[in-house]
Amino acid sequence: MSKLGNLGARLHHGEVGYDFVRNRKLWYGISILITITAIVGLAVRGLNMGIEFQGGAVFTTPKTSVSVAQAQTYAEEAAGHDAVVQELGTGGLRIQISGVDTGKSDAIKTELAKDLKVDSEKINADLVGPSWGDQIANKAWQGLAIFMVLVVIYLAIAFEWRMAVAAFVALVHDITITVGIYALVGFEVMTGTVIGLLTILGYSLYDTVVVFDSLKEQTKDITKQNRWTYSEIANRSINSTLVRSINTTVVALLPVAGLLFIGGGFLGAGMLNDISLSLFVGLAAGAYSSIFIATPLVADLKEREPQMKALKKRVLAKRAQAAQGEPAQAQDDDEEYGDEPEDAAPAVVGPRHQPASRNRGRGRPSGKRR
């Protein structure tokens, strides 16, 4: 078995692990700091809306020897607006200029033909109206709202309302960070960006539901035992699915990173940036929120219940009794919960807490068995 596979097995059986839930205040603080930074970036810089949302003209030229940087200078001088220039595989250029109407596009086309030294008739000009972008934005907001409502309803039915609230907070966290980084980086918001944002919501939710399903299974009849608190079992659920979350995240990020850094960075394929950046940031934020935000938040909400408070009090009292070397009660509530194997212990850093002996030979005479 590989080292990673061996680690995954040891995490699943509770032999090793990290106490994510105990350090939840640290994760909350980090998330709040990142979220505030994203909101400030969004408020100060705003989103760089693409031509689909602002309206404008797109000029496609035939093959030319003019560089992308020089063509951008020519386009901005001719239009008086910022321009986005991309080199096509045919050797031509794709020039996007926002806020251009029909009359002005003809003048820009003529000016570009002179500067680029190409025939004006060979430059293709397409106009995009802002109303089309408004329709796309409205549909995206409607789809996002419907998705959120359905997610909360489903999780409340399949699990419980506390998990639904935690998943909702994690999704809002992922969207806010992704949009904020878009504002800070300055990438254009295109229709591909909207597609990327909606895609990461499904991935983030999937990762969260995997942990919730494990948590639901392991906390069944939790009040019938006195060995573990809800937070400790929640921590075990995170650790038991940790390697799976890491594997799925890395596998998903590798091709997206190829699009973003190789396709968009080295090859200059700018049209790939709009969707690859949203996917890359969203996938990473989704994996983070599933581990560090959603499940610890569920544990926080559950520990406020009277039953869980009473359970925690019993667990701590039993451990204090065991630490003092006092004899255990003749009959423990653990018997109702069943004899769990030792690998059911929540994973924590350092030596595992060993429960008090149950004296399984209760009532049996000492000496050799006949």
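Below, all heavy atoms of this structure are taken into account, side chains as well, without hydrogens, waters or symmetry copies. Note that this is a predicted model, so its numbers are computed, not measured.
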Answer yes if Val250 and Val281 sit in the same cluster of Ile, Leu, Val, Met, Phe, Trp and Tyr residues linked by side chain heavy atoms under 4.5 Å apart, and no otherwise.
-> yes
Any side-chain heavy-atom pair of Leu155 and Val209 under 4.5 Å | yes
Do Leu316 and Ile233 sit in the same hydrophobic cluster, where Ile, Leu, Val, Met, Phe, Trp and Tyr count as joined when their side-chain heavy atoms come under 4.5 Å apart?
-> no
Atom CD of Glu305: over 12 foreign heavy atoms under 6.0 Å | yes
Side-chain donor/acceptor of Glu232 to backbone N/O of Thr229, under 3.5 Å = yes
Sidechain N-carboxylate O distance under 4.0 Å for Glu160, Lys302 | yes
Taking the side chain as every heavy atom from C-beta outward, state whether Lys309 and Pro306 have any atom pair closer than 4.5 Å.
-> no
Validation row: Val58, Ile95 side chains within 4.5 angstrom (heavy atoms) = no
Compare every heavy atom of Thr249 with every heavy atom of Ala287, then report the nearest pair and how far apart it is.
-> CB-OG1, 3.3 Å
Give a yes or no on whether Phe159 atom CZ has more than 12 heavy-atom contacts from other residues, nucleotides or ligands under 6.0 Å away.
-> yes
Walk me through it: do Thr199 and Tyr203 pass the test side-chain contact (heavy atoms from CB on, under 4.5 Å)?
-> CA-CA 7 Å; Thr199 302; Tyr203 181 89; 5.9 Å; no
Measure the shortest side-chain to side-chain distance between Glu77 and Asp115 over non-hydrogen atoms and say whether it is less than 4.5 angstrom.
-> no
Hey, is CZ on Arg244 packed in by over 12 heavy atoms from elsewhere, all under 6.0 Å?
-> no
Within the distance-only criterion (no hydrogens, no angle test), does the side chain of Glu303 pair as donor or acceptor with the backbone N or O of Ser231 below 3.5 angstrom?
-> yes
Is the backbone of Ala158 close enough, under 3.5 Å, to the side chain of Lys216 for a donor and an acceptor to pair up by distance?
-> yes
Going through the distances and angles, do Ser214 and Gln218 end up as a side chain to side chain donor-acceptor pair (under 3.5 Å)?
-> CA-CA 6 Å; Ser214 174; Gln218 295 190 49; 3.0 Å; yes
If you look at every heavy atom in Val66 and Tyr74, which pair is closest and at what distance?
-> CG1-CE1, 4.1 Å
Could you walk me through whether Thr35 and His173 pass the side-chain contact (heavy atoms from CB on, under 4.5 Å) test, one step at a time?
-> CA-CA 7 Å; Thr35 303; His173 166 272; 3.9 Å; yes
What distance do Ser204 atom OG and Asp174 atom CG have between them, rounded to the nearest 0.5 Å?
-> 4.0 Å
Kindly indicate, with the supporting measurements, whether the criterion side-chain contact (heavy atoms from CB on, under 4.5 Å) is fulfilled by Phe147 and Leu171.
-> CA-CA 11 Å; Phe147 176 82; Leu171 290 176; 4.1 Å; yes
Among side-chain atoms of Tyr28 and Asn23, is any donor-acceptor pair under 3.5 angstrom?
-> no
Value for CG (Asn239) from CG (Asp19), rounded to nearest 0.5 Å, stands at 8.0 Å
What are the two closest non-hydrogen atoms of Gly196 and Ser278, and how far apart are they?
-> CA-OG, 3.5 Å
Given side chains that start at C-beta, do those of Met148 and Phe168 come closer than 4.5 Å, heavy atoms only?
-> yes
May I ask you to test the Ser120-Leu112 pair for a side-chain heavy-atom distance under 4.5 Å?
-> no
Stepwise, does the side-chain contact (heavy atoms from CB on, under 4.5 Å) test hold for Asp207 with Val211?
-> CA-CA 7 Å; Asp207 220 20; Val211 183; 5.9 Å; no
Rounded to the nearest 0.5 Å, the NZ atom of Lys109 sits from the CD1 atom of Ile97 at a distance of 13.0 Å
Might you point out which heavy atoms bring Ala71 and Leu93 nearest each other, and give the distance in Å?
-> CB-CD1, 3.4 Å
Could you tell me the separation between the OG1 atom of Thr208 and the CG atom of Asp213, rounded to the nearest 0.5 Å?
-> 12.5 Å
Hey, does the side chain of Gln307 reach the backbone of Thr223 with a donor-acceptor pair shorter than 3.5 angstrom?
-> no
Is there a donor-acceptor contact under 3.5 Å from the side chain of Gln225 to the main chain of Ile222?
-> yes
State, to 0.1 Å, how close Thr248 and Ser245 come at their nearest heavy-atom pair, and which atoms those are.
-> OG1-O, 3.0 Å
Minimum heavy-atom distance between Ala78 and Glu111, given as atom pair plus value = CB-CG, 3.7 Å
Is there a path of hydrophobic side-chain contacts, each under 4.5 Å between heavy atoms of I, L, V, M, F, W or Y residues, that connects Val179 with Ile39?
-> no
Could you go step by step and tell me if Thr219 and Tyr230 meet the side chain to side chain donor-acceptor pair (under 3.5 Å) rule?
-> CA-CA 7 Å; Thr219 54; Tyr230 189 94; 4.6 Å; no
If only atom types and distance count, is the side chain of Thr295 paired as donor or acceptor with the main-chain N or O of Ile291 below 3.5 Å?
-> no
With rounding to the nearest 0.5 Å, note down the distance linking CZ in Arg314 to NZ in Lys312.
-> 13.5 Å
Within a strict 4.5 Å, meaning less than it, do heavy atoms of the Ile123 and Thr60 side chains meet?
-> no
CZ/Arg45 to CG/Leu184 distance, rounded to the nearest 0.5 angstrom?
-> 7.0 Å
Determine whether Val210 and Ile200 fall in the same hydrophobic cluster, where Ile, Leu, Val, Met, Phe, Trp and Tyr are linked whenever their side-chain heavy atoms lie under 4.5 Å apart.
-> no
How about Phe59 and Asn124: do any of their side-chain heavy atoms sit closer than 4.5 Å?
-> no
Do you reckon Tyr288 sits in the same ILVMFWY cluster as Ile32, going by side-chain contacts under 4.5 Å, direct or chained?
-> no
